[in-house]
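These figures come from a predicted structure and were not determined experimentally.
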Amino acid sequence: MPLTQDQILRFLSSVHPYDALPQDARQALVPEIQGRAVSAGEQIYGLGETLAGIFIIYEGAVEVTDEHGEVVSQLGLRNSFGERGLLRDGVAITSARAETDATLLILPAKSFHALMKAHDPVRLFFDRTRGGKPSKQNRQELATTQVDTFMASNPVTCAPDATVQAAAILMRDNRVSSLCVTEGGTLTGILTTRDMSGKVLAEALPIDAPVSRIMTQNPITLAPSAIGSDVLHVMMERRIGHVPIVEGGKLVGIVSQTDLTRFQAVSSAELVREIAQANSAEDMRKVTARIPQLLVQLVAGGSPHQVVTRLITDIADTATRRLVALAEAKLGPAPAPYLWLACGSQGRQEQTGVSDQDNCMILSDDVTDADREGYFAALAKFVCDGLDVCGYIYCPGDMMATNPRWCQPVSKWRSYFAGWIAKPVPEAQMLASVMFDLRPIAGDASLFADLQSETLTLAARNSIFVAHMVSNSLKHTPPLGLLRGFATIRSGEHKNQLDLKHNGVVPVVDLGRVYALQGELTEVNTRARLVAAMQAGALSQSGGQDLLDAYDLIAETRLEHQAARVKAGQAPNNFLPPSGLSEFERSHLRDAFVVVKSMQSAIGHGRGMLG
């Protein structure tokens, strides 16, 4: 039985983004929508067909497959499909088949595009590019940054009946210049050092007087959504130096003039300067401890993920170079030319708030075994120990210059790569993957230049090795579950969470490495590899742009999650509970994972895939 217009209208009111439309706009859509009943197993559209419009599932289940027949989505009630083809050129880039008997609603292509143009909620929901995301600040400016980015989230408090002496002890022990006076989490007043001097000392009040006698009652407050300029204006107008932050009647933070100064002072350039002048790893540790706050500031300022990770990596590079210099000052001049290199995320310039160390050394062929096992072993230990002190923990896989295997003459490195390429066993694939991300940090860079170009050429021309590298790149898969859900971690500490590293960015990192290998591209950074692969023709323009957009969204979601944890007083990590995402965020993130899975399928069925 055909659906009535009233049934369609009620249904649209329960489906995002149509539920966000004005009532009259939603009603105007109803006459344009066509209903279609399909039987189990029936093809709805095929790859390369012109799409009639966007499809919405009223009831039943639909399976979407890519050009190689790989399932990329299993969809159910209220899910949409076909939008990627509509937004490109109107031609289907997937195939869709009914898994069960189903009823579909079809919004014609012309109406869909008109809706996208006229209503932001629809455009933002379906536009999967970064341009479709709500705009963020382009610069990290105090005046326009939200207060919850830089407020102290755990203000020191006391009760109204606490004595002024007890309050003074609290201030001294916590090294703060104010106390928030609360009852049951509700702010009742604020006490500052100015109150102590002007109302206690100046008026000779007894030290057992209650703070309620001298505190400022009902102080001016702001919400976490206020911006820096609000704080500045309040401080200047009221001539105060502390502003409590209150949400829902509860104290959630405080902003002081010190917080404003600290926010403006934290910059990658300042951290680099301080590290470059440090005289010990302990001195550097005090600087690198501010990286989480820098991460929060950069994310809040709207910096793209590739800028954030580049700036954070620059700090690690500076710390490494400074430790190398301190090692040479302690051990004396190196007995032979050498080069310190980073691999892993530091090598790719993609470090976040969570990073271990991955490094190695290439030595001149003139080096003696005695020097390699003596001087260079000591230098490696000094630098790796120092990096660990700075928070770059030792590599769990021992991929460090302290491992004699990774502190070798250039000729040995040449034989390593030749062996891995000639016999790509699983360990060789893993090692080659790590070592294709090498980047010189300190020393004689000429030791690596010829080795890199020779290895790329040798590897790219060995079809069996390339096939194994392709196969290896498919081991990390996006966390896609059934019925438009996510495949979360099933047990352990991070149960029901998404691993945004191993199942999020790593699949794209692996794809980028294969594209670089196939195109003999020297870029190491993942995003740079994707762009270079598009320019070199190793990656199609349409597929490459989809993958870039997907990578940007996944990487930025990861950084936003880490920044949110830092703001909450927690250590940054890569594990995101999807339950905390809005429907809008879940939809976009899942579509990004679908793009990555589709590109994995494409490379798996294309050049170099093992049968």
Measure the spacing between [atom1] of [X] and [atom2] of [Y] and express it to the nearest 0.5 Å.
X: Arg527; Y: Arg348; atom1: CZ; atom2: CZ; answer: 15.5 Å
X: Ser345; Y: Asn525; atom1: OG; atom2: CG; answer: 11.5 Å
X: Met430; Y: Met435; atom1: CE; atom2: CE; answer: 8.5 Å
X: Gln297; Y: Ile291; atom1: CD; atom2: CD1; answer: 13.5 Å
X: Glu282; Y: Cys390; atom1: CD; atom2: SG; answer: 8.5 Å
X: Glu560; Y: Leu295; atom1: CD; atom2: CG; answer: 10.5 Å

Exercise. Taking atom types as modelled and ignoring hydrogens, do the side chains of His561 and Asn573 form a donor-acceptor contact shorter than 3.5 angstrom?
Worked result: yes

For this session: Scan side-chain atoms only and decide if Asp499 and His502 contain a donor-acceptor pair under the 3.5 Å cut-off.
Result: yes

For this session: Flag the pair Trp340 / Phe448 as yes when their ring centroid distance falls below 6.0 Å, and as no otherwise.
Result: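 Trp340 vs Phe448: aromatic centres not under 6.0 Å.
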
[X] side chain to [Y] backbone, donor-acceptor under 3.5 Å:
X: Ser303; Y: Val299; answer: no
X: Tyr416; Y: Arg405; answer: yes
X: Glu350; Y: Thr526; answer: yes
X: Gln349; Y: Thr313; answer: no
X: Gln351; Y: Ala316; answer: no
X: Gln146; Y: Gly228; answer: no
X: Tyr392; Y: Cys384; answer: no
X: Ser433; Y: Gln429; answer: yes
X: Gln545; Y: Ser542; answer: no
X: Ser364; Y: Val367; answer: no

Between [X] and [Y], is there a side-chain N and carboxylate O pair less than 4.0 Å apart?
X: Arg84; Y: Asp546; result: yes
X: Arg439; Y: Asp317; result: yes
X: Asp365; Y: Lys412; result: no
X: Glu274; Y: Arg290; result: yes
X: Arg529; Y: Asp437; result: yes

Any side-chain heavy-atom pair from [X] and [Y] closer than 4.5 angstrom?
X: Leu539; Y: Met599; value: yes
X: Gln497; Y: Leu576; value: no
X: Lys597; Y: Leu480; value: yes
X: Leu431; Y: Met399; value: yes
X: Leu387; Y: Tyr394; value: no
X: Val307; Y: Leu298; value: no
X: Asp385; Y: Thr402; value: no
X: Leu530; Y: Val508; value: yes

For this session: Show the numbers, then the answer: is there a side chain to side chain contact (heavy atoms under 4.5 Å, CB included) between Gln408 and Leu363?
Result: CA-CA 6 Å; Gln408 293 288 342; Leu363 312 176; 6.0 Å; no

For this session: Kindly state each residue pair satisfying salt bridge (Lys or Arg N to Asp or Glu O under 4.0 Å) with at least one member in residues 564-577, sequence neighbours excluded.
Result: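 Checked against salt bridge (Lys or Arg N to Asp or Glu O under 4.0 Å) - neighbours excluded - the pairs reaching residues 564-577 are Asp148-Lys567.
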
How close do [X] and [Y] get, counting heavy atoms only, and between which atoms?
X: Gln541; Y: Gln535; value: NE2-N, 4.4 Å
X: Ile421; Y: Asn462; value: O-ND2, 3.4 Å
X: Thr288; Y: Ile275; value: CG2-CD1, 4.0 Å
X: Leu581; Y: Arg586; value: CB-CG, 3.5 Å
X: Pro479; Y: Asn503; value: CD-O, 3.1 Å
X: Val296; Y: Ala563; value: CG2-O, 3.7 Å

Exercise. Any idea how Trp420 and Phe417 line up, ring-wise: parallel (<30°), tilted (30 to 60°), or perpendicular (>60°)?
Worked result: perpendicular

For this session: Quick one: sort the His305 and Tyr551 rings into parallel, tilted or perpendicular, breaks at 30° and 60°.
Result: perpendicular

For this session: Using the side chain to side chain contact (heavy atoms under 4.5 Å, CB included) rule, take Leu447 and Leu451 through it: C-alpha gap first, then chi angles, then the decisive distance, then the call.
Result: CA-CA 7 Å; Leu447 292 171; Leu451 177 63; over 6 Å; no

Problem set entry | Verdict with supporting geometry, Leu438 and Gln452, side chain to side chain contact (heavy atoms under 4.5 Å, CB included) | CA-CA 9 Å; Leu438 286 174; Gln452 182 187 38; over 6 Å; no

For this session: I would like to know whether Gln277 and Arg273 meet side-chain hydrogen bond (donor to acceptor under 3.5 Å, both in side chains); could you show each step before the answer?
Result: CA-CA 6 Å; Gln277 296 176 357; Arg273 184 190 66 79; 3.2 Å; yes

Problem set entry | Lys475 atom NZ, neighbour heavy-atom count above 12 within 6.0 Å | yes

Exercise. Is the number of heavy atoms from other residues, nucleotides or ligands within 6.0 Å of CZ (Arg321) greater than 12?
Worked result: yes

For this session: Test side-chain hydrogen bond (donor to acceptor under 3.5 Å, both in side chains) on Gln346 and Asn359 and set out the steps.
Result: CA-CA 9 Å; Gln346 184 183 0; Asn359 47 61; 5.6 Å; no

Exercise. Please walk me through it: do Asp398 and Trp406 pass side chain to side chain contact (heavy atoms under 4.5 Å, CB included)?
Worked result: CA-CA 9 Å; Asp398 203 20; Trp406 311 127; 5.9 Å; no

